[in-house]
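Everything on this sheet refers to the single structure shown next.
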Amino acid sequence: AGCFDSAQNARGLVATIRHVGPKLLATGLLYGQKFTLQIDTGAQCSLIPEKYISPEFRSLITPANIVLQGYEGSGIKTFGAIKGDLQIGKIMLKNCIFIVVENHLTPILGTHELEENEIVIDTKNRKIAQNNLVEDICTAQGGKNGNIKNRRPIGIFQKSDFQALCDTCF
């Protein structure tokens, strides 16, 4: 009976972990392209699918030796990194570094860019702020396995030193 009870307790824990809160979403503008991105305070780097980089700006993508892995263990193809200013409404995030990834992934704004640009997130009131500027954000509840619109989970594990990448590329 002890082993069975332990297995039941373990399954209950997994069920609790699978219950995730809503995702924070905003509309961003980078190099003239408008897109919805997830504000992810747990992401160590920011991601942008290649389709959101206009052909005339793709020459700005710097080759980068970085390996990313999804939560489910699959590899995420990367094409390099791009640096630019991201606009969310009236808020301008300067010198953001985005890892350019496969097109089916969700754009992510990670902790590095949030901290460097002194962004304050108010999840209860669905707002972000920078100094005296405030913009609305929205939330979306993830579907099965935390996906948005049937996309792969967007959390990543970084396999290389991101700070070294930033220092080397830019």
Side-chain angles (χ1 to χ4, degrees), residues 20-64 66 68-71 76-143 145-158 162-163 165-170:
V20 295
K23 298 178 184 302
L24 303 175
L25 304 174
T27 300
L29 184 68
L30 180 70
Y31 289 112
Q33 291 287 340
K34 196 174 192 179
F35 53 91
T36 299
L37 58 93
Q38 179 180 350
I39 299 171
D40 189 344
T41 60
Q44 294 174 316
C45 60
S46 296
L47 306 180
I48 182 113
E50 185 182 37
K51 67 183 175 185
Y52 294 119
I53 308 296
S54 298
E56 64 265 26
F57 294 108
R58 290 197 180 152
S59 64
L60 299 175
I61 299 173
T62 303
I66 188 167
L68 302 178
Q69 184 178 14
Y71 283 125
I76 295 174
K77 185 174 181 180
T78 62
F79 301 99
I82 191 165
K83 186 176 186 179
D85 297 341
L86 174 70
Q87 186 174 349
I88 299 175
K90 297 177 293 263
I91 295 175
M92 183 66 73
L93 289 84
K94 297 283 189 178
N95 299 314
C96 296
I97 298 171
F98 286 91
I99 306 302
V100 182
V101 296
E102 302 168 87
N103 284 334
H104 65 275
L105 296 173
T106 300
I108 294 177
L109 183 61
T111 55
H112 181 77
E113 282 64 41
L114 295 168
E115 287 181 1
E116 289 292 315
N117 287 279
E118 299 179 359
I119 301 297
V120 176
I121 302 168
D122 179 350
T123 56
K124 182 178 180 183
N125 295 306
R126 295 185 177 101
K127 300 202 181 288
I128 61 169
Q130 181 187 54
N131 301 320
N132 294 326
L133 299 174
V134 178
E135 289 293 333
D136 292 327
I137 58 174
C138 62
T139 58
Q141 188 66 41
N145 297 325
N147 295 344
I148 299 177
K149 298 181 184 174
N150 298 321
R151 294 182 184 158
R152 282 175 35 190
I154 57 175
I156 59 168
F157 295 106
Q158 198 167 335
F162 182 65
Q163 190 57 49
L165 168 71
C166 296
D167 294 341
T168 304
C169 293
F170 304 103

task = Quick one: which residue pairs count as a ring-ring contact (aromatic ring centres under 6.0 Å, His included) with a foot in residues 119-139, not counting sequence neighbours?
result = none
message = Here's a test for you: under side-chain contact (heavy atoms from CB on, under 4.5 Å), which of I48, I99, I82 qualifies with I61?
response =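 Single side-chain contact (heavy atoms from CB on, under 4.5 Å) partner of I61 among I48, I99, I82: I82.
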ask   = Only one of K77, R58, E102 clears side-chain contact (heavy atoms from CB on, under 4.5 Å) with E50; which?
value = R58
My understanding is that only residues two or more places apart in sequence, or in another chain, count here; which of them pass side-chain contact (heavy atoms from CB on, under 4.5 Å) with [X]?
| X | result |
| --- | --- |
| K124 | D122 |
| N132 | none |
| N131 | E118 |
| F57 | Y31, I53, S54, L60 |

Might you point out which heavy atoms bring [X] and [Y] nearest each other, and give the distance in Å?
| X | Y | answer |
| --- | --- | --- |
| A26 | I88 | CB-CG2, 4.0 Å |
| L86 | F98 | CD2-CZ, 4.0 Å |
| A64 | A81 | CB-N, 4.3 Å |
| L37 | G28 | CD2-CA, 4.0 Å |

query = Taking only residues two or more places apart in sequence, or in another chain, which ones meet T123 in a side-chain hydrogen bond (donor to acceptor under 3.5 Å, both in side chains)?
reply = none
request  = Just jot down the side-chain hydrogen bond (donor to acceptor under 3.5 Å, both in side chains) partners of Q87, sequence neighbours excluded, or say none.
outcome  =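 Testing Q87 for side-chain hydrogen bond (donor to acceptor under 3.5 Å, both in side chains), a comparison that skips the adjacent residues, returns none.
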Find the distance between [atom1] ([X]) and [atom2] ([Y]) and round it off to the nearest 0.5 Å.
| X | Y | atom1 | atom2 | value |
| --- | --- | --- | --- | --- |
| K51 | H104 | NZ | NE2 | 9.5 Å |
| N95 | N117 | CG | CG | 7.5 Å |
| I39 | I108 | CD1 | CD1 | 11.5 Å |
| L93 | Q130 | CG | CD | 5.5 Å |

ask   = Taking C-beta and beyond as the side chain, do I119 and L109 meet within less than 4.5 Å on heavy atoms?
value =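 They are not in contact (no side-chain heavy atoms under 4.5 Å apart), so the answer is no.
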query = Do T78 and V100 have side-chain heavy atoms sitting under 4.5 Å apart?
reply =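 T78 vs V100: side chains apart.
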request  = Return each pair, listed once, that meets salt bridge (Lys or Arg N to Asp or Glu O under 4.0 Å) where at least one residue sits in residues 126-135; pairs must be two or more places apart or across chains.
outcome  = K90-E135, K127-D136
